[in-house]
Amino acid sequence: MRLVLVGPPGAGKGTQAEFIAENFGIPKISTGDIFRHNVSTGTDLGRLAKKYMDAGDLVPDEVTNAMVRDRLAQPDAKEGFLLDGFPRNVAQADELNGILDELGAPLSVVLDLDVDFDEVVKRLSGRRTCKQCGHVWHMEFDPPKAPGICDKCGGELFQRDDDKPETVRHRLEVYHEQTEPLIGFYREAGKLVAIDAFGAVEDVTERAISALTPYAD
Ligand code: AMP
């Protein structure tokens with residue numbers, strides 16, 4: 001299955017992406033994770049991406065597209081993949097169509113995680129990430145036992161710069177202006193399946209898997 005996940009920041013894309021990818025046995029390719037990895041290892045790409053990420057803006061298309069092109073050419077993506085966080089605008093979606101045409105491997109389906117605006121703000125601003133293992137906790141919905149400390153590894157928790165309230169608002173504007181048009185784009189292409197992403201993580205995963213199962217080979 002070649003799958004794209006769309007939905008606003010805070011819809012739970014990263015969390016659902018992990019469960020969905022595992023269920024269908026495909027690699028999860030998250031452009032946000034790849035950028036963050038480059039930031040933390042101090043590469044040139046990381047230095048370039050960081051200033052856009054901290055501001056809640058999109059990294060320029062030519063940089064992001066080249067990175068995705070390379071990643072999709074890796075052997076583990078041959079039998080399918082889940083893209084989380086890409087495409088983020090119509091130009092990236094056109095580029096993805098071009099890459100997949102060249103590979104002779106069209107997209108199977110696009111899953112839209114539908115959540116309302118207020119819910120998204122609550123979800124994002126309560127997120128705390130572990131400095132050591134990267135696990136994401138939520139102060140209200142999934143708090144660790146001791147505040148500020150990761151249950152899994154004892155690492156210190158922090159708030160991503162891009163989860164701070166001003167940046168959250170800006171990321172939502174960017175989503176509305178640039179990414180939301182993809183929903184119409186993929187609906188017209190007959191690729192879109194939407195699910196309600198409100199509620200407990202396991203319930204949303206179950207909805208996602210049953211919506212996607214018809215598209216699995
Ligand atoms: P995410 O973890 O998907 O919310 O991504 C975090 C940040 O990485 C975004 O706010 C952007 O700055 C950058 N980013 C991730 N994916 C893309 C993309 N497809 N195009 C441009 N920037 C991206």
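Whatever order the structure lists ligands and atoms in, that order sets their numbers, starting from 1.
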Exercise. How about D57 and H170: does a side-chain donor come under 3.5 Å of a side-chain acceptor?
Worked result: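 Yes.
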Exercise. Do L5 and L182 belong to the same hydrophobic cluster, where Ile, Leu, Val, Met, Phe, Trp and Tyr are linked whenever their side-chain heavy atoms lie under 4.5 Å apart, directly or via other members?
Worked result: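 Cluster IDs for L5 and L182 differ.
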Problem set entry | Ion pair D54/K51, N-O distance below 4.0 Å |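 Looking at D54 and K51, the cut-off is not met.
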Problem set entry | Candidate list R171, R169, R128, test salt bridge (Lys or Arg N to Asp or Glu O under 4.0 Å), partner D163, passing option |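 One option only clears the test, and that one is R171.
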Exercise. Is it the case that more than 12 heavy atoms not belonging to E22 sit under 6.0 Å from its CD atom?
Worked result: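 It does not: E22 CD has 12 such atoms or fewer within range.
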Exercise. Quick check: are there more than 12 heavy atoms from other residues, nucleotides or ligands sitting under 6.0 Å from NZ of K191?
Worked result: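 Check passes, neighbour count above 12.
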Give every pair made of an N or O atom of ligand 1 and a protein N or O atom lying under 3.5 Å apart, one pair per line with both atom names and the distance to 0.1 Å, or write 'none'.
| from | atom 1 | to | atom 2 | distance (Å) |
| --- | --- | --- | --- | --- |
| ligand 1 | 2 (O) | R36 | NH1 | 2.9 |
| ligand 1 | 2 (O) | R36 | NH2 | 2.9 |
| ligand 1 | 3 (O) | R88 | NH1 | 3.2 |
| ligand 1 | 3 (O) | R88 | NH2 | 3.2 |
| ligand 1 | 4 (O) | R88 | NH2 | 3.3 |
| ligand 1 | 4 (O) | R171 | NH2 | 3.2 |
| ligand 1 | 5 (O) | R88 | NH2 | 3.3 |
| ligand 1 | 12 (O) | D57 | O | 2.6 |
| ligand 1 | 16 (N) | T31 | OG1 | 2.8 |
| ligand 1 | 16 (N) | G85 | O | 3.3 |
| ligand 1 | 16 (N) | R88 | NH1 | 3.3 |
| ligand 1 | 19 (N) | G85 | O | 2.8 |
| ligand 1 | 19 (N) | Q92 | OE1 | 3.0 |
| ligand 1 | 20 (N) | Q92 | NE2 | 2.9 |
| ligand 1 | 22 (N) | V59 | N | 3.0 |

